[in-house]
Amino acid sequence: MSRGDPLLVTEDVKDEALLFAVARQDRVAFRSLYDVAAPKLFATILRIVRNRAAAEEILQDVFLRIWQNAERFSPEAGPARAWMNTIARNRAIDVLRQRSFVPVSGGDSEPDMYERVAEDRDREADMINNASLRHCLETIEASARDCVLLAYYEGYSREELARRFDRPVNTIKTWLHRSLAVLRDCLDGAA
Amino acid sequence: MNGDLDLEAAEFVLGTLDASERGSFAARLAGDKEAQAAVAAWESRLAGLADDIAPLTPPDHVWARIERALASRGAEPHGFRVIDGGASDATRKLRRSLARWRAATVVSSALAAVLLLFVGYRFVLPTALEETSYVAAVNRGGDQPALLVRVDLKSHRIFVRPVAAETPKGKSLELWYISDGKPPRSMGVIGSAPLSLPIPSGTHADAAAFAVSVEPPGGSPSGVATGPVIYSGQLIKE
């Protein structure tokens with residue numbers, strides 16, 4: 001849980017207050033929540049669906065869902081940002097798996113980024129939770145780790161991963177399961 | 001913890017399940033506490049990854065559209081009215097299962113995606129229907145209706161065409177006809193084949209709705225819905 005950094009704790013509390021106000025159908029609070037949360041959610045969705053018009057449509061839908069479901073948010077289950085992020089990722093992946101998009105550009109991804117995610121341990125603003133996530137990611141073999149990160153950040157399906165790594169789909173599934181099991185054991189052990 | 005379940009939950013959260021696996025798992029989540037806990041744990045484990053995404057300000061027209069959507073439908077989501085038909089026992093049961101379903105949505109918003117109806121989407125409905133026809137796109141809030149239901153008052157029959165209904169393993173999907181103020185009436189178990197059924201007597205197509213619940217194999221033994229409602233839709237006059 002993201003309670004390590006005072007700055008982040010303040011942000012969490014602010015987001016929670018806004019969500020509670022949204023649950024009471026407070027439209028001013030809804031606009032404020034949109035202002036603080038939409039840029040991150042938009043980036044998350046866009047990276048997954050890789051199509052701007054679709055990402056805008058999904059973002060709109062996600063905020064309507066936040067408006068309608070705000071009363072179901074429970075701070076005990078995790079921070080407000082994580083709750084909204086889950087809605088956005090789930091919606092983006094639901095749409096991605098049901099429709100076939102023509103991505104605006106297939107060459108948009110930055111392979112370096114995955115290296116960066118795994119290697120950059122020096123950012124002080126990062127949460128404690130995140131530091132152990134980084135550490136645990138490093139314990140996974142590079143290709144298998146990249147599968148997890150490509151799936152998380154860019155919505156890659158097993159088939160797309162199979163093409164990218166030139167491996168059978170079953171191998172990818174094995175990699176994913178092995179990586180996820182290592183990640184789970186490492187993270188749960190650290191907690 | 002069941003290892004297969006945990007890895008399926010992990011892949012659900014990661015997003016690597018294909019459309020049909022994803023649909024089945026979302027349906028399973030509705031009533032499976034172990035699966036809900038597994039998903040919640042994975043969401044928490046992977047949440048830190050989101051911090052690495054650089055924000056990107058969306059264009060102004062997105063907010064404008066959100067405001068328009070809110071203004072056009074008021075504060076209440078339309079879909080929920082479907083269930084609030086009357087005060088009979090069966091309706092209360094159906095409502096209770098909706099409450100269970102709502103409780104489950106706290107765990108995963110994919111479930112919210114399943115429950116929330118008609119959020120900003122319009123369906124392509126069959127054209128050239130006669131005036132005496134009603135249709136319902138029975139849906140789970142996604143892009144594609146799970147079932148198309150057509151009520152033809154001329155021939156006194158209901159036509160059910162499954163489009164993308166997903167049946168959880170070891171369960172049956174049961175279709176319910178909910179007419180204003182009356183207990184939901186079972187229309188039977190639905191499979192992958194189209195069905196044609198007589199219209200229940202004493203019902204009105206106006207203000208009627210259909211809901212689909214997850215039931216034991218062969219359908220609810222008691223004649224009232226016992227499992228979670230996973231799809232629902234309101235009849236529209238054509």
Side-chain angles (χ1 to χ4, degrees), chain A residues 1 25 27 31 34 38-40 42-44 46-48 56 59-61 63-65 67-69 72-74 77-79 81-83 85-87 89-91 93-99 116-117 126-127 129-130 133 148-149 151-153 155-158 161 176-177 180-181 183-184 187, chain B residues 3 6-7 10-20 22-23 26 40-59 61-63 65-67 69-70 73 75-77 102-103 105-113 115-116 119-121 141-144 164:
Chain A
M1 203 124 313
Q25 311 276 291
R27 292 212 183 181
R31 174 68 217 225
Y34 180 85
K40 191 72 172 254
F42 185 52
T44 301
L46 184 59
R47 293 188 59 162
I48 290 172
E56 290 172 12
L59 183 68
Q60 175 190 338
D61 184 48
F63 270 90
L64 291 173
R65 287 167 197 277
W67 173 257
Q68 285 179 322
N69 291 297
R72 287 172 223 172
F73 164 71
S74 140
R81 290 286 171 104
W83 185 78
N85 183 55
T86 298
I87 295 178
R89 283 197 72 251
N90 273 330
R91 188 68 194 124
I93 289 163
D94 282 342
V95 171
L96 188 67
R97 295 282 171 267
Q98 278 170 22
R99 278 191 204 167
R116 193 160 56 74
V117 170
D126 281 336
M127 299 180 259
N129 192 24
N130 205 344
L133 186 57
V148 171
L149 296 176
Y152 186 89
Y153 288 116
Y156 271 58
S157 65
R158 292 185 202 128
L161 290 169
L176 283 172
H177 284 188
L180 289 163
L183 210 51
R184 177 192 57 211
L187 287 167
Chain B
D6 195 54
L7 287 175
E11 279 208 85
F12 175 79
V13 172
L14 192 60
T16 45
L17 297 179
D18 66 32
S20 87
R22 195 169 167 80
W42 275 107
E43 276 168 359
S44 158
R45 284 184 196 111
L46 298 181
L49 287 174
D51 300 328
D52 288 297
I53 294 172
L56 183 67
T57 304
H61 60 247
V62 176
W63 175 254
R65 283 189 214 147
I66 291 170
E67 278 202 307
L70 285 182
R73 68 205 170 105
E76 280 302 306
R102 280 175 175 167
T105 60
V106 173
V107 175
S108 164
S109 69
L111 298 173
L115 179 67
L116 288 174
V119 180
Y121 286 92
D143 307 284
Q144 200 181 14

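We use all heavy atoms of the structure for the numbers below, so side chains are in, but hydrogens, waters and symmetry mates are not. A note on names: the letters A, B, ... follow the listed sequences, proteins ahead of strands, and every chain is numbered from 1.
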Check: With a 4.5 angstrom heavy-atom cut-off, which part of Leu180(A) approaches chain B: side chain, backbone, both or neither?
Finding: both
Notebook entry, point to check: Between Tyr34(A) and chain B, which part of the residue has a heavy atom less than 4.5 Å away: side chain, backbone, both or neither?
Noted result: side chain
Note to self: Report which part of Arg31(A) has an atom under 4.5 Å of a heavy atom belonging to chain B: side chain, backbone, both, or neither.
What the structure shows: both
Check: Taking C-beta and beyond as the side chain, do Glu56(A) and His61(B) meet within less than 4.5 Å on heavy atoms?
Finding: yes
Margin query: Can you tell me which portion of Ala41(B) sits under 4.5 Å from chain A's heavy atoms? Options are side chain, backbone, both or neither.
Written below: neither
Item checked: Contact class of Trp63(B) relative to chain A, heavy atoms under 4.5 angstrom -> both
Next item on the list: Sort Leu46(A) into side chain, backbone, both or neither according to what part of it lies under 4.5 angstrom from a heavy atom of chain B.
Entry: side chain
Next item on the list: Identify the heavy atoms of Thr16(B) and Arg97(A) that sit nearest to each other, and give their distance.
Entry: CA-NH2, 4.3 Å
Note to self: So, taking the atom named CG in Leu59(A) and the one named CD1 in Ile66(B), what distance separates them when rounded to the nearest 0.5 Å?
What the structure shows: 5.5 Å
Check: For the residue pair Leu70(B) and Leu64(A), what are the closest heavy atoms and their distance?
Finding: CD2-CD2, 3.8 Å
Notebook entry, point to check: Hey, mind stepping through Asn90(A) and Glu43(B) against side chain to side chain contact (heavy atoms under 4.5 Å, CB included) and telling me if it holds?
Noted result: CA-CA 11 Å; Asn90(A) 273 330; Glu43(B) 276 168 359; 4.2 Å; yes
Note to self: Please find the pair of heavy atoms, one from Ile53(B) and one from Lys40(A), that lie closest to each other, and give the distance.
What the structure shows: O-CE, 3.0 Å
Margin query: To the closest 0.5 Å, what do you measure between CG (Leu17(B)) and CG (Leu176(A))?
Written below: 10.0 Å
Note to self: For a side chain to side chain contact (heavy atoms under 4.5 Å, CB included) check, start with the C-alpha distance between Arg45(B) and Leu183(A), then their side-chain angles and the critical distance, and finish with the verdict.
What the structure shows: CA-CA 9 Å; Arg45(B) 284 184 196 111; Leu183(A) 210 51; over 6 Å; no
Checklist line | Heavy-atom pair with the smallest gap, counting every atom of Leu14(B) and Ile93(A) | finding: O-CD1, 3.8 Å
Notebook entry, point to check: Can you name the nearest heavy-atom pair linking Tyr152(A) to Ala47(B), along with the distance?
Noted result: OH-O, 4.4 Å
Margin query: Please find the pair of heavy atoms, one from Val13(B) and one from Arg89(A), that lie closest to each other, and give the distance.
Written below: O-NH1, 2.8 Å
